[in-house]
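Treat the numbers as computed from the prediction; the structure is a model and nothing was measured. Because only heavy atoms are used, hydrogens play no part in the values below, and waters and symmetry mates are left out as well, while side chains stay in.
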Amino acid sequence: MADPKGFLTTGREVAQTRPVGERVKDWNEVYVPGSLLPIISKQAGRCMDCGIPFCHQGCPLGNLIPEWNDYAYREDWSAASERLHATNNFPEFTGRLCPAPCESACVLAINQPAVTIKNVEVTIIDKAWDSGDVTPQPPERLSGKTVAVIGSGPAGLAAAQQLTRAGHTVAVYERADRIGGLLRYGIPEFKMEKRHINRRIEQMRAEGTKFRTEVEIGRDVDAAKLRKRYDAVVIAAGATTARDLPVPGRELNGIHQAMEYLPLANKVQEGDLTVAPITAEGKHVIVIGGGDTGADCVGTAHRQGAASVTQLEIMPRPGEERPANQPWPTFPMLYKVTSAHEEGGERVYSVSTTHFEGDEDGNVQFLHLAEVEFKDGKLEQKPGTERKIPAQLVTLAMGFTGTDQENGLVRQFGLELDARGNIACDGEYATNVPGVYVAGDAGRGQSLIVWAIAEGRSAARGVDRFLAGDSALPAPIKPTDRSLTV
C-alpha cells in the first residue's frame with residue numbers, strides 16, 4: 001500500500017486553476033500547468049488499502065486504482081503508467097473529462113473527502129507522455145481480417161485500438177473533418193486541449209489503424225455495401241439526436257442546439273474559422289440545461305464576451321452534501337460548481353421555458369419562463385411566477401435521445417432498436433445483423449466517457465471472438481451493466 005497513515009495526516013488538495021480574469025481571455029486548459037506534481041504523491045498516499053476497493057465498482061473500466069496510487073506515491077511513474085494503461089486506453093481523456101464516479105465510491109468518502117483519483121490519473125499519464133513511456137504497440141502478426149469502426153469518439157477509438165493490437169486491420173470512419181467525435185467538437189478547448197487527441201491518433205496510426213474522415217456511413221457510403229467490404233463492423237456513432245424544446249417561438253433566429261454552437265467555437269481554435277458564425281459576443285445568453293454540456297456552453301459564452309450568461313434547469317437545485325437516499329458508494333446528485341460557473345453568470349433552478357419572444361426581424365429577444373414544482377410526482381407550473389428575461393442567444397443543452405436515424409445507417413444495415421431507440425445488442429455487443437456490433441452511446445444511450453471506453457473495449461472482445469474464434473482481449477462490462485446508483 002501507499003502511506004498507511006496518509007488518509008489521516010494529509011488533507012485533500014486538488015489541481016490549482018488559473019485566475020478567472022486570465023483564463024477567460026484564452027482557450028487554454030483552466031488548470032495551472034505543473035501545479036499537481038508537487039502535491040500528487042502525497043495525495044496518492046491518502047489511498048487507504050481498504051481491502052475491498054469500491055472505487056473499482058464505481059469505475060466501469062475496472063481501473064486498478066489502489067495499485068497506481070501506490071506507484072504514484074512512490075513516484076514510480078513508469079509502473080503507474082503500465083497499471084493505468086492495463087484497463088484504460090485513454091487516461092488523459094478520462095483524467096480531464098470524467099465526473100469521477102470512482103471518487104464517489106472511494107471508501108474514504110464515507111466520512112472524509114475522497115482521494116483525488118482523477119488528479120492522480122492525469123498526472124500519471126502526463127508524466128508518461130513527457131518521459132516517452134507511451135509508445136505504439138503494433139501487433140506481432142496480422143490476422144488477415146478487416147474491421148470497420150463507424151465513429152471516432154471514445155468508444156470507437158477504444159474498439160479500434162484494441163482490435164488493431166489484436167492483429168486485425170481496422171479502418172475508422174468519421175463524418176466530421178477530424179477524428180475525435182464529441183471529444184473533438186463537443187468538448188471545449190479549455191476543458192481538454194485537442195493536442196491530447198492528436199498525439200493518441202498518431203500513436204494509433206503508428207500501430208496500424210486507418211482513419212477515413214468526412215465519410216458518413218448511410219449517406220456517403222451505403223451501410224450494406226460497407227458490411228460486404230469488411231469482415232466485421234463496429235457501430236460507435238454515438239447518441240447524437242438532441243432533445244428539442246417544442247414551445248412557441250422555437251423557430252426564431254438565435255436559438256440553437258448546443259452541438260450546433262460548441263463545434264463552431266472549436267473550429268475557430270483549430271484555425272478553420274476566424275470568427276464563429278454563432279457567437280455570444282455582446283449578447284444576453286441563455287443556456288437551457290444544467291448538465292456538463294450546459295456548463296460547456298457557459299464557459300464558451302464567457303470567452304466569446306457575452307453581455308450576460310444565465311443557465312436554466314428545470315429540476316430543483318441539488319444539495320451540497322450527499323442526500324440520505326443516495327448513500328455511499330452510489331454516485332450522488334450534488335450541487336457542482338465547474339470552472340465555467342466560477343467564471344460568472346447566473347444559475348436558475350426549478351424553472352421551465354414557456355415560450356420565446358422575437359423582434360420584427362425574427363430574432364429571439366426574450367425568453368419567458370415560469371417556476372415549477374413537484375406535485376403528485378409530476379412537475380407543474382406555479383401560477384403567478386411567469387416572467388421574461390433578455391435572450392439574444394439561446395443554446396439547448398438538454399441531452400440526447402438516441403442515435404441518428406435520419407442518415408440511413410440504421411435502415412441500411414437493417415438494425416433492430418430497443419424500446420428507448422438505441423441499437424439493440426446481445427451480451428457480446430452483437431446486433432441482429434451478423435458481424436455487426438455496437439459500442440458506446442449508440443447502444444447504451446447518452447452516458448459518460450468511461451462507459452464509452454469500457455464498451456469499446458468490451459465490444460472489441462466480441463468482435464475478436466467472432467473473427468478468431470476466441471479472444472484474450474478484456475471485456476470490463478456487459479451491455480446490461482449500469483452505473484452504481486439507487
Side-chain angles (χ1 to χ4, degrees), residues 14-37 40 81 84-85 88-100 116 118-134 152-154 156-158 161 174 176-205 211 213 258-259 261-276 292-293 295-304 338-343 448-450 452-453:
V14 297
Q16 181 182 350
T17 54
R18 297 186 291 134
V20 168
E22 171 189 322
R23 70 188 193 228
V24 295
K25 296 177 182 178
D26 62 42
W27 293 81
N28 301 330
E29 290 182 7
V30 300
Y31 297 104
V32 175
S35 64
L36 277 173
L37 199 55
I40 206 65
S81 173
L84 189 53
H85 280 103
N88 188 349
N89 297 72
F90 314 118
E92 65 271 40
F93 302 165
T94 53
R96 287 173 167 83
L97 304 175
C98 180
T116 55
K118 266 183 66 171
N119 283 182
V120 177
E121 177 183 19
V122 80
T123 303
I124 293 170
I125 184 56
D126 286 352
K127 285 282 292 182
W129 278 108
D130 291 343
S131 62
D133 284 337
V134 183
S152 68
L157 292 180
Q161 186 168 63
E174 169 56 53
D177 60 341
R178 288 181 175 85
I179 296 297
L182 288 182
L183 295 171
R184 174 74 65 179
Y185 287 129
I187 301 297
E189 194 84 358
F190 59 82
K191 284 182 67 174
M192 186 179 76
E193 295 170 8
K194 301 306 174 277
R195 60 187 175 89
H196 300 296
I197 304 175
N198 296 340
R199 60 187 180 186
R200 273 298 175 186
I201 299 307
E202 290 309 307
Q203 181 202 31
M204 292 179 67
R205 281 199 173 101
F211 294 97
T213 55
M259 285 307 299
Y261 172 62
L262 293 173
L264 296 174
N266 280 358
K267 281 183 171 291
V268 172
Q269 301 311 307
E270 295 279 9
D272 296 342
L273 301 170
T274 304
V275 178
D292 287 340
T293 302
D296 294 344
C297 292
V298 170
T300 298
H302 288 320
R303 283 157 181 77
Q304 291 178 337
T338 70
S339 63
H341 297 128
E342 291 173 353
E343 294 161 3
L448 304 178
I449 183 172
V450 279
I453 296 174

Shortest non-hydrogen contact between Val122 and Gly95, atoms and distance: CB-O, 4.0 Å

Rounded distance [0.5 Å steps], CD in Gln16 versus CG in Asn119: 12.0 Å

Residues in side-chain hydrogen bond (donor to acceptor under 3.5 Å, both in side chains) contact with Asp296, at least two apart in sequence or another chain: Lys191

Heavy-atom closest contact (Ala340 atom, Ala295 atom, distance): CB-O, 3.2 Å

Beyond-backbone contact of Phe211 with Met204, side-chain heavy atoms, under 4.5 angstrom: yes

Working for side chain to side chain contact (heavy atoms under 4.5 Å, CB included), residues Leu157 and Asn89: CA-CA 9 Å; Leu157 292 180; Asn89 297 72; over 6 Å; no

Heavy-atom side-chain contact between Leu448 and Pro99 under 4.5 Å: yes

Check: Glu29 main-chain N/O paired with Glu193 side-chain donor or acceptor under 3.5 Å: yes

Donor-acceptor side-chain pairing of Asn198 and Arg178 below 3.5 angstrom: no

Whether Arg184 side chain and Ile179 backbone form a donor-acceptor pair below 3.5 Å: yes

Spatial distance of atom CD1 (Ile197) from atom CZ (Arg200) [nearest 0.5 Å]: 12.0 Å

side-chain hydrogen bond (donor to acceptor under 3.5 Å, both in side chains) partners for Thr213, two or more places apart: none

Distance-only side-chain donor-acceptor flag, Glu174 / Ser152, under 3.5 Å: yes

Verdict with supporting geometry, Glu343 and Thr17, side chain to side chain contact (heavy atoms under 4.5 Å, CB included): CA-CA 11 Å; Glu343 294 161 3; Thr17 54; over 6 Å; no

Gap between atom NZ of Lys194 and atom CG of Asn266 - 0.5 Å precision: 4.5 Å

Candidate pair Arg199 and Glu92, rule salt bridge (Lys or Arg N to Asp or Glu O under 4.0 Å), full reasoning: CA-CA 11 Å; Arg199 60 187 180 186; Glu92 65 271 40; 5.1 Å; no

Close side-chain approach of His85 to Ile125, heavy-atom, < 4.5 Å: yes

Side chain proximity check, Met259 to Leu182, heavy atoms < 4.5 angstrom: yes

Any side-chain heavy-atom pair of Thr300 and Trp27 under 4.5 Å: yes

Contacts of Lys267 that satisfy side-chain contact (heavy atoms from CB on, under 4.5 Å) - sequence neighbours left out: Asp177, Tyr185, Asp272, Leu273

Closest heavy-atom pair and its distance - Ala15, Tyr31: CB-CD2, 3.5 Å

Cys297 versus Ala258, closest heavy-atom pair with distance: SG-CB, 3.7 Å

OG1 on Thr123 to NZ on Lys127, rounded to 0.5 Å: 9.5 Å

Short side-chain donor-acceptor distance under 3.5 Å, Gln161 and Gln203: yes

Nearest heavy atoms of Gly186 and Pro188, plus distance in Å: O-CD, 3.6 Å

Distance, nearest 0.5 Å, that separates CG of Leu36 from NZ of Lys118: 11.0 Å

His302 vs Val298, side chain to side chain contact (heavy atoms under 4.5 Å, CB included): CA-CA, chis, key distance, verdict: CA-CA 6 Å; His302 288 320; Val298 170; 3.4 Å; yes

Heavy-atom donor-acceptor pair, Arg23 side chain to Arg18 backbone, under 3.5 Å: yes

Asn28 and Phe190: CA distance, side-chain angles, deciding distance, side chain to side chain contact (heavy atoms under 4.5 Å, CB included) verdict: CA-CA 5 Å; Asn28 301 330; Phe190 59 82; over 6 Å; no

Whether Arg303 side chain and Asp26 backbone form a donor-acceptor pair below 3.5 Å: yes

Qualifying residue, where the test is side-chain contact (heavy atoms from CB on, under 4.5 Å) with Cys98 and the options are Val450, Ile453, Asn88: Val450

Residue pair Ala276 / Ala265: nearest heavy atoms and the distance that separates them: CB-N, 4.4 Å

Nearest-0.5 Å distance that lies between atom CD in Glu121 and atom OG1 in Thr94: 3.5 Å

